[in-house]
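Numbering of ligands and ligand atoms starts at 1, following listing order.
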Amino acid sequence: MDLTITDVRLTPILVADPPLLNTQGVHQPYTPRLIVEVVTADGITGVGETYGDTKYLELARPFAEKLKGRQVADLNGLFAIADEVSVDSSRVRNQVDVGGLRGVQTADKLRLSVVSGFEVACLDALGKALGLPVHTLLGGKVRDAVEYSAYLFYKWADHPEGVACEKDDWGAALDPAGVVEQARLFKERYGFTSFKLKGGVFPPDEEIAAVRALAEAFPGHPLRLDPNGAWSVETSLKVAEELGDVLEYLEDPALGTPAMAEVSAATGVPLATNMCVTTFAEIKEAFTRDAVQVVLSDHHYWGGLRNTQQLAAVCRTFGVGVSMHSNTHLGISLAAMTHVAATVPNLHHACDSHYPWQSEDVLGARLTFEGGKVAVSDAPGLGVELDRDKLRFLHQRWLDDDGALRERDDAAAMRVAEPGWVTPAVPRW
Ligand SMILES: O=C([O-])C(=O)C[C@H](O)[C@@H](O)C(=O)[O-]
Ligand SMILES: [Mg+2]
């Protein structure tokens, strides 16, 4: 068996995304992703997926060159290669990731976001070569299915008029009744039993009313609200007080570890984050100040599946919960998330996934949710098949784009509907 990497293919794509609202603005009609393929001397291809904005592509290209001739099993070597790729200082000067939705932007985090796509592709190829599923390569599954939560968003029925887009059949959700209706559809279509509402869009009282409506419609089901740091400490505490009896956790109510620590000290409602702890360097302060009770990992920017396991181990050590964050992603990433989640013993909260919002994919057969869960595949590698026609189609869309959609920018997408829109100052409420 020759596990030497002889070829690496990088395919940037644009995938359809519905008009989902968040505190920064609205999702673009198409969003960038990067599909990674590594090919071994024996002709085995492994696939991976990660963020696809230019700042990632410009690191992925030199990284891919350095990979050729190396062994697909040399996963630790990926981090050493990443350190050799230089990051333009303009990418990280006073920068936050996606306006802060994904926390800080550091050179290391950018590199890790690229490493993760390659790590998953290498694990897929290695698994296929050895006839073993990725979860076995990660030490073995401790569960046969991974639970996900319904990721509810306030949304418009359509993207603004005149904007090229794909239609979706979810309808609008702009008030409590709309949110409950969307939750019903999620339950009906996928069987989800826990619900997360993306908040920070409307004044807190409206979002409190929406969560109350969810609690009435789905009594006893775990609920979460995530305003992406849009609230002051005072507002966060008011929401915690009003929704404490129905929330599983409150996600990033206020921005930054000091504010989260203040909220945490004054409420019994657990706080989760994918904003103030998104790198290993941020763990010490947040954990010693008891600022968060649940860390939402994202294997893309934490540096892959094995780093996610390491994060889970650190969380376990400190008695902090762990679960998974999600951005717009396709089936390769859902498969990767499912494999690693299957190996984490201390995963006690349903993971987030945007996948139901993605009508397009690069896989031949989409992954499915049964009763809100994705079955853990025992097929070699990730257990997914790339569909080259679909990949070509989505890549062509990326090629045809004039560059406007190649960077995720929710505020710019909002300006199409509201020309004066600027990202609101924080705290917004
Ligand atoms: O849990 C989160 O904060 C996210 O998933 C961040 C995302 O960027 C979300 O806000 C979105 O897609 O609008
Ligand atoms: Mg969040």
Side-chain angles (χ1 to χ4, degrees), residues 15-33 50-53 96-105 109 113 148-156 159 168 170 173 182 194-202 207 223-231 236 239 247-256 260 263 270-278 282 286 291-302 321-330 333-334 337 349-358 407-414 423-424 426 428:
V15 291
D17 212 11
L20 307 178
L21 297 162
N22 59 36
T23 200
Q24 306 258 333
V26 64
H27 283 205
Q28 301 167 166
Y30 300 103
T31 202
R33 295 295 287 174
T50 190
Y51 295 110
D53 314 60
V96 282
D97 197 5
V98 198
L101 292 182
R102 294 197 296 253
V104 291
Q105 182 78 90
K109 191 170 162 191
S113 305
Y148 289 85
S149 70
Y151 200 152
L152 312 177
F153 275 83
Y154 288 109
K155 85 178 271 293
W156 297 327
H159 283 285
D168 70 78
W170 291 93
Q182 189 185 92
S194 67
F195 302 92
K196 157 171 164 172
L197 175 62
K198 172 61 50 175
V201 176
F202 294 114
E207 299 187 352
L223 304 177
R224 307 122 180 219
L225 177 58
D226 174 14
N228 281 118
W231 302 334
S236 304
V239 177
L247 284 181
E248 176 186 10
Y249 55 69
L250 197 52
E251 185 172 325
D252 288 306
L255 199 63
M260 289 285 278
V263 177
L271 303 187
T273 189
N274 64 269
M275 294 179 75
C276 71
V277 182
T278 62
E282 291 163 306
V292 297
Q293 287 71 48
V294 182
V295 174
L296 304 172
S297 163
D298 180 319
H299 77 269
H300 303 93
Y301 57 67
W302 280 93
V322 68
S323 187
M324 250 180 237
H325 157 265
S326 157
N327 264 132
T328 307
H329 66 85
L330 300 178
S333 279
L334 183 62
M337 290 158 72
H349 305 276
C351 301
D352 289 345
S353 175
H354 274 245
Y355 194 58
W357 292 114
Q358 265 47 73
E407 324 299 328
R408 174 175 172 183
D409 189 341
D410 299 355
M414 188 59 133
T423 305
V426 180
R428 189 171 173 187

Output yes if Met275 passes the N/O/S-under-2.8 Å test against the Mg ion (ligand 2); output no otherwise.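 No, outside the cut-off.
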When you measure from the Mg ion (ligand 2) to each N, O or S atom of Glu251, which atom gives the shortest distance?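 Glu251's closest N, O or S atom to the Mg ion (ligand 2) is named OE2.
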Quick check: of its N, O or S atoms, which one does Asp226 have closest to the Mg ion (ligand 2)?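 Per the distance ranking, Asp226 contributes OD2 as its closest N/O/S atom to the Mg ion (ligand 2).
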In ligand 1, which numbered atoms sit nearer than 4.0 Å to a non-hydrogen atom of [X]?
X      : result
Asp226 : 1 (O), 2 (C), 3 (O)
Phe153 : 11 (C), 12 (O), 13 (O)
Lys196 : 1 (O), 2 (C)
Asn274 : 1 (O), 2 (C), 3 (O)

Please report which non-hydrogen protein atom sits nearest to [atom], along with the residue it belongs to and the distance in Å to one decimal place.
atom                    : answer
atom 6 (C) of ligand 1  : His325 NE2, 3.5 Å
atom 3 (O) of ligand 1  : Asn228 ND2, 2.7 Å
atom 7 (C) of ligand 1  : Asn327 ND2, 3.0 Å
atom 2 (C) of ligand 1  : Lys198 NZ, 3.1 Å
atom 11 (C) of ligand 1 : His27 NE2, 3.2 Å
atom 5 (O) of ligand 1  : Tyr151 OH, 2.6 Å

Between Tyr30 and His159, does the ring centre distance come in under 6.0 Å?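 Ring centroids of Tyr30 and His159 are no less than 6.0 Å from each other.
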Interatomic spacing from CD in Glu248 to OG in Ser149 - rounded to 0.5 Å: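 The distance works out to 8.0 Å.
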From CG (Leu20) to OG1 (Thr328), nearest 0.5 Å: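 It is 7.0 Å, given to the nearest 0.5 Å.
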Has ligand 1 got any nitrogen or oxygen that is less than 3.5 angstrom from a nitrogen or oxygen of [X]?
X      : result
Ser326 : yes
Thr328 : no
Glu251 : yes

Criterion side-chain contact (heavy atoms from CB on, under 4.5 Å) on Leu21 and Lys198, from CA distance to verdict: CA-CA 8 Å; Leu21 297 162; Lys198 172 61 50 175; over 6 Å; no
Quick check: does any side chain N or O of [X] sit under 3.5 Å from a backbone N or O of [Y], one acting as donor and the other as acceptor?
X      : Y      : result
Asn274 : Leu296 : no
Arg428 : Gly200 : yes
Ser323 : His349 : yes

Heavy atom under 4.0 Å from ligand 1: found in Arg408's side chain, backbone, both, or neither?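 Within the 4.0 Å criterion, Arg408 contacts ligand 1 through side-chain atoms alone.
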Against the six-membered ring of Phe195, is Arg224 placed for a cation-pi contact (under 6.0 Å from the centre, within 45° of the normal)?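 Output no; distance or angle outside limits.
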Which of parallel (below 30°), tilted (30 to 60°) and perpendicular (above 60°) describes His354 and His27?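 If you compare the ring of His354 with that of His27, the planes turn out parallel.
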Parallel under 30°, tilted from 30 to 60°, perpendicular over 60°: which one fits the rings of Trp357 and Phe153?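 Ring orientation, 0 to 90° scale: perpendicular.
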Step by step, work out the side-chain contact (heavy atoms from CB on, under 4.5 Å) result for Val239 and Glu207. CA-CA 9 Å; Val239 177; Glu207 299 187 352; over 6 Å; no
Give a yes/no on ligand 1: does His354 have at least one heavy atom closer than 4.0 angstrom to it?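 Right, His354 reaches ligand 1.
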